[in-house]
Every structure is written in structure tokens, then in C-alpha cells.
Undergrad: 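I'd like to ask you about the structure that follows.
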There are 2 protein chains.
Amino acid sequence: MSSRSQAIADILTRAIIDHRLVPGCKLGERELSEIFHVSRIVVRQALIRLADDGLAQIERNRGAFVARPSMQEAMEIYDALTLVEQGVAAQLSERLGPAGWAELRQHVERQRQAVAAGNDALADVLGQEFHTVFVRLSRNKVMQEIHAQLVRRTTLLRSLITADFDYCNLLDDHSRIVDLLEKGRLKPAMDLIDAHHRSVVRGYIMDRQVFPELTPRDALEPYLDGKTGEAPKSLSQTQIKTGEKDEPGMHRHVHASR
Amino acid sequence: MSSRSQAIADILTRAIIDHRLVPGCKLGERELSEIFHVSRIVVRQALIRLADDGLAQIERNRGAFVARPSMQEAMEIYDALTLVEQGVAAQLSERLGPAGWAELRQHVERQRQAVAAGNDALADVLGQEFHTVFVRLSRNKVMQEIHAQLVRRTTLLRSLITADFDYCNLLDDHSRIVDLLEKGRLKPAMDLIDAHHRSVVRGYIMDRQVFPELTPRDALEPYLDGKTGEAPKSLSQTQIKTGEKDEPGMHRHVHASR
DNA sequence: AACCACAGGATTGGATATCAATCAATGAGA
DNA sequence: TCTCATTGATTGATATCCAATCCTGTGGTT
């Protein structure tokens with residue numbers, strides 16, 4: 001239904017947020033066109049979409065690369081995300097009906113069960129999804145799209161950073177946010193959202209390659225073939241350990257919750 | 001410096017927010033490629049950028065059209081804009097230094113002088129710019145871009161709607177918002193931002209063609225030639241009166257302030 | 001050895017021609 | 001008048017070609 005360049009942009013986006021394509025990775029037109037069996041022009045259109053989304057940067061006559069956000073930009077992205085979610089929280093605290101609160105609680109409960117079952121990969125996905133569900137309940141598609149874009153960019157950031165905090169402290173944040181909001185305690189809820197994001201950002205150390213660099217051909221291989229758009233195996237199971245020794249304060253786990 | 005498709009996307013964006021290209025207007029690839037003397041491919045890339053920005057919509061095998069947002073979407077855009085500006089207001093009320101407040105006051109003063117001088121066109125531009133300056137002071141480029149996109153879309157909306165309120169009531173809103181924020185009275189300021197936008201939306205009646213439809217060739221003519229990107233004459237001076245009689249409650253002035 | 005200049009290769013940005021797929025309008029026939 | 005098929009126009013996409021630019025490697029110079 002959609003154009004082919006959109007489909008390719010979607011695949012590239014997926015590969016980037018799956019950390020299979022890491023920041024700085026060259027996205028050559030010829031190489032991608034051979035991988036996807038399309039013409040260079042279609043690839044170029046896809047890259048334009050990625051660049052507009054902030055996931056790639058195009059340098060004239062040099063080509064496209066997976067975006068490598070600066071520390072400054074990383075902070076700005078998290079600030080923007082906080083701003084959006086705080087605003088949505090304020091709207092929901094006034095307008096959300098019982099069914100909405102129930103949906104949020106149900107989502108938190110599913111995540112809790114995943115954590116209890118030790119399924120970190122599922123917990124991680126649910127943890128991310130919570131924010132998306134949260135914004136969806138505002139019933140504002142424009143806001144949803146803005147938020148989704150910001151989330152994609154934060155996911156990209158995680159290819160570049162090393163979190164040295166204990167993520168277990170964040171596990172209950174979602175639940176507490178829902179509690180506070182439903183009770184109408186907006187200000188504490190907004191502060192908690194801020195703290196939720198700040199605690200993720202605080203220990204960030206950039207200029208490290210957290211994920212191993214794959215060639216585009218290897219990185220994109222799982223998404224091809226089927227054409228069904230089926231989810232490739234979660235990276236948390238196929239993740240490759242890099243050769244370098246772990247440094248102090250460097251953890252290799254994925255975040256179970258943001 | 002930038003690619004040609006970006007330059008063309010910029011021109012089309014400009015033409016749309018100047019209301020020279022009205023919603024629903026067909027943006028044929030062949031026609032545009034002849035107008036700009038570029039190939040269809042460059043035009044297509046420009047149209048992709050516009051579509052990503054929400055200013056155009058591309059229908060498969062049918063082509064691109066200037067976006068015609070629904071009433072629902074119009075409300076969502078204004079809600080999102082309110083959310084963003086309220087969030088920025090909250091940040092500024094904590095973090096903005098004296099120089100920042102001075103810049104805002106200076107801007108308001110310039111607009112006041114323009115109104116006093118009867119220069120409605122300049123006042124309109126300054127009124128729009130206020131919101132941009134406001135967000136720029138947050139020093140968050142990511143947020144700035146999101147906000148700028150929302151502003152562009154609200155500008156597009158004004159091609160579709162007829163305001164039947166007395167815009168004089170809004171003239172002092174900017175000034176009062178600055179006053180309240182500088183005094184640390186955040187809540188009233190946020191309420192005023194909300195009211196500011198709501199008062200614009202309230203009387204909106206869609207499904208009217210406020211601006212006359214021009215062919216793309218006529219609409220884009222002022223932007224070509226010079227290649228200097230110079231501002232074409234403001235529409236408020238070249239605006240053409242449509243043949244149809246004014247209906248009750250239908251004003252043809254441009255907004256002096258949002 | 002270090003440094004600079006230049007040539008060649010590789011890649012991107014873009015133009016043109018061409019073809020297939022799809023939509024819309026037109027017109028023939030019941 | 002209504003229905004259906006054909007035709008024309010437009011888009012989506014490809015292949016090929018060319019110019020501009022960047023990177024690199026070589027070679028000469030200090």
C-alpha cells in the first residue's frame with residue numbers, strides 16, 4: 001500500500017532502534033540498493049525520511065550515516081520527552097476515564113509479571129510500550145507521532161551510552177505515576193516523570209560504542225526475506241559480546257524500564 | 001549548500017504558509033518539475049519532505065496534495081501546540097535569566113508599536129514570531145523544531161478556516177504571559193496560553209475556502225527568479241478579494257496576533 | 001622523515017528516458 | 001440512463017549517464 005521507500009525507511013528505523021545499526025555507521029546508497037534490490041533513488045528517498053526523523057544525517061556529497069547525537073542533543077531529546085509526557089499527564093489527570101486508568105494498570109501489571117518471570121526482553125519491550133500507551137490515551141494523533149519520534153531517538157541514544165545506574169530502582173516508577181495521576185496528584189506525578197527520565201540520563205557516558213558495529217548487510221539480513229515484517233529475534237538474545245574487557249561501572253544489560 | 005530538493009521543499013512550505021497554495025491543491029510532479037526546472041525525482045523528494053512535515057499528503061498513484069486537515073486534526077494540532085508552549089513556559093519560569101525576559105519584552109514592544117502604527121502585516125509577523133522566540137529561549141533545538149512544525153501546520157489551517165472573533169482581544173495576551181511568568185505565576189500563565197489558543201480555535205468554521213485558489217504556477221512565481229530566497233510581498237497587501245459576497249460573521253482580515 | 005600538491009578513484013546529486021501499475025474520464029452499448 | 005470497458009494521464013520505479021565533490025594514495029620537495 002505504501003511506497004517502497006517508506007517500507008525501506010521503516011526497516012532501517014527498526015534496525016537502528018534494535019541497535020543493529022549503530023551511530024556513525026555509513027549508509028551507502030549503492031550498498032543499500034543492492035541489499036534491498038531497489039534502485040539508488042528509492043534508497044535516497046528512504047534516507048531523506050530517516051534524516052527528517054532525526055535518525056540519520058546526510059552530508060552533502062559524503063552520504064548518509066546513522067545519526068550520532070551529541071551529548072547536548074541527547075539532553076535536549078530527553079528534555080523534550082519529559083515536557084511532552086508531563087503535558088500529557090496533565091491532560092490525562094483531568095480527562096481520562098476509568099477504562100483508561102484500567103488499561104494503564106493492566107499494562108503495568110503485565111510488565112510486573114514479565115519481570116517476575118525473569119523475562120527481561122519482554123519487560124523491556126513493555127517498559128517502552130508503557131510510554132506509548134500513555135500518550136495514546138490522550139487521543140491526540142499529532143502528539144502521538146511527535147512522542148513516537150522522540151522515543152525512537154532516545155532508543156538510538158542507547159546505542160551510544162552506558163548506563164551505570166541500578167535500573168531496578170526504576171521498576172516501580174510507572175506504577176507510581178499511574179497511582180499519583182489517578183489520585184489527582186498532578187505535581188508529584190510530573191516530578192516523578194522528570195526524575196524517571198533524569199535518572200536514566202544522569203549516568204550517561206557518551207563516546208562509547210555499547211553495541212558492536214555490524215555491516216549494513218549483516219545488520220539488515222534478519223529483516224529481509226519474509227517481507228512479512230515479522231519481528232526478528234530480539235537483540236537481547238542474539239547480542240554479541242565485544243572483545244574488549246568490561247570496564248568498571250560498565251554494564252551490558254538492557255534497560256528493563258525507562 | 002543543501003540539496004535541491006530541500007530548497008524546493010522550503011519554497012513549497014513558504015508558499016503554503018503564505019496561503020498561496022491552499023489545502024487540496026494538487027501538486028503534480030510534472031507541473032512542479034517544469035516550474036522549478038528540475039527533474040521529477042527532485043520534486044518527489046521535496047514532496048516527501050512536505051508530507052513528513054504534515055503539510056502535504058501523498059496518495060498512492062494519485063499524487064500529492066496540500067494537506068487538508070480535518071477539524072479533528074486541527075484541534076489536535078492546537079492541543080499539541082498548547083502543550084508544548086505550556087511546557088516551555090514552565091521551564092522558562094524557572095530558568096530564564098534577565099536577558100531573556102528583556103528579549104521577550106522587547107519583542108512585545110515592537111509588536112505594540114507596529115499595531116499602533118497601523119502596520120497590520122508587520123504586527124501579524126511579529127505576533128507569530130513571538131511564539132518562536134519564546135520557544136527559542138528554552139535553548140532546546142529539538143523542541144524548537146517540533147514547535148516550528150506545529151506552527152507551520154497551524155498556519156496551514158488558517159487557509160481553511162474563518163475566524164469570527166474580534167482579534168483585538170488577543171493583542172495583550174503576549175504581554176500578560178510575559179508578566180505572569182516573570183512574576184513566577186506559572187499556573188495563570190499556562191491557563192492564559194491555553195485560552196490564547198482556544199480563543200483562536202473556538203470560532204473556527206472549516207470547509208470554507210478563505211483564500212482563493214491559485215494554480216501552482218501562479219502561486220510559486222514570486223519565489224523563483226531571484227534565487228535569493230527574498231521575501232515576496234506579504235499576502236496581506238496582495239491579497240485578492242474573492243468574487244463571492246461576504247457572509248455574516250465572515251471577516252477577511254488576517255490575524256494580528258495569536 | 002615530514003609535508004604538501006596533485007591526480008585518480010569512488011560516491012553522491014542529479015538528469016533523462018523508459019516501463020509498469022493504477023486511477024479517472026470518456027464513450028459505447030444495453 | 002446506467003453500466004462497463006477502453007483510453008489517457010499520472011505516479012512509482014528502474015537503468016543509465018554525467019557532473020561535482022570528497023577521499024586517498026602517490027610522488028616530489030624541504
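Just so it is clear, the structure is predicted and the values come from calculations on it, not from any experiment.
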Undergrad: D/dA13, D/dG12, C/dG14: which one has an atom nearest the side-chain heavy atoms of B/Asn61?
TA: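 The closest nucleotide is D/dG12.
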
Undergrad: Quick check: does any side chain N or O of A/Asp52 sit under 3.5 Å from a backbone N or O of B/Asp52, one acting as donor and the other as acceptor?
TA: no

Undergrad: Taking donor-acceptor contacts at under 3.5 Å, does the side chain of A/Arg62 reach the base of C/dG13?
TA: no

Undergrad: Distance check needed: C/dA20 P versus A/Arg4 CZ, whole Å only.
TA: 15 Å

Undergrad: When you measure only distances, ignoring hydrogens and angles, does the side chain of B/Arg40 come within 3.5 Å of the base of C/dG14 through a donor and an acceptor?
TA: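 Side chain to base: no pair present.
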
Undergrad: Round to a whole Å and report the spacing from CD of A/Glu31 to P of C/dA10.
TA: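 Between P of C/dA10 and CD of A/Glu31: 15 Å.
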
Undergrad: What is the distance, rounded to the nearest whole Å, between atom CD1 of A/Ile58 and atom P of C/dT11?
TA: 17 Å

Undergrad: Given C/dG14, D/dA13, D/dT14, identify the nucleotide with an atom nearest to the side chain of B/Arg60.
TA: D/dA13

Undergrad: As an exercise, state the distance from CG of A/Leu50 to OG1 of A/Thr13, rounded to the nearest 0.5 Å.
TA: 4.0 Å

Undergrad: Which nucleotide wins on minimum distance to the side chain of B/Ser39, given the candidates C/dT12, D/dT11, C/dA15?
TA: C/dA15

Undergrad: Rounded to the nearest Å, what distance is computed from the NZ atom of residue B/Lys26 to the P atom of nucleotide C/dA25?
TA: 11 Å

Undergrad: Any side-chain N or O of B/Arg44 under 4.0 Å from OP1/OP2 of D/dG12?
TA: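 Checking D/dG12 against B/Arg44, a side-chain N or O does come within under 4.0 Å of OP1 or OP2.
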
Undergrad: To the nearest 0.5 angstrom, please state how far the CD1 atom of B/Ile146 sits from the NE2 atom of A/His147.
TA: 10.5 Å

Undergrad: In whole Å, I'd like the distance from the CD atom of A/Gln6 to the C1' atom of D/dA13.
TA: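 So the CD-C1' distance, A/Gln6 to D/dA13, works out to 16 Å.
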
Undergrad: Mind calculating the distance between CD (A/Gln57) and C1' (C/dT12) to the nearest angstrom?
TA: 16 Å

Undergrad: From the options C/dA15, D/dT11, C/dT12, select the nucleotide whose nearest atom is closest to the side chain of B/Val42.
TA: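 Output: C/dA15.
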
Undergrad: Would you please indicate yes or no on a ring centroid separation below 6.0 angstrom for A/His131 and A/His107?
TA: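 Here the rings of A/His131 and A/His107 have centres that are no less than 6.0 Å from each other.
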
Undergrad: Taking the nucleotide of DNA chain C with the nearest heavy atom to each, does A/Gly63 or B/Ile41 sit closer to the 5' end?
TA: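 Upstream on the strand: A/Gly63.
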
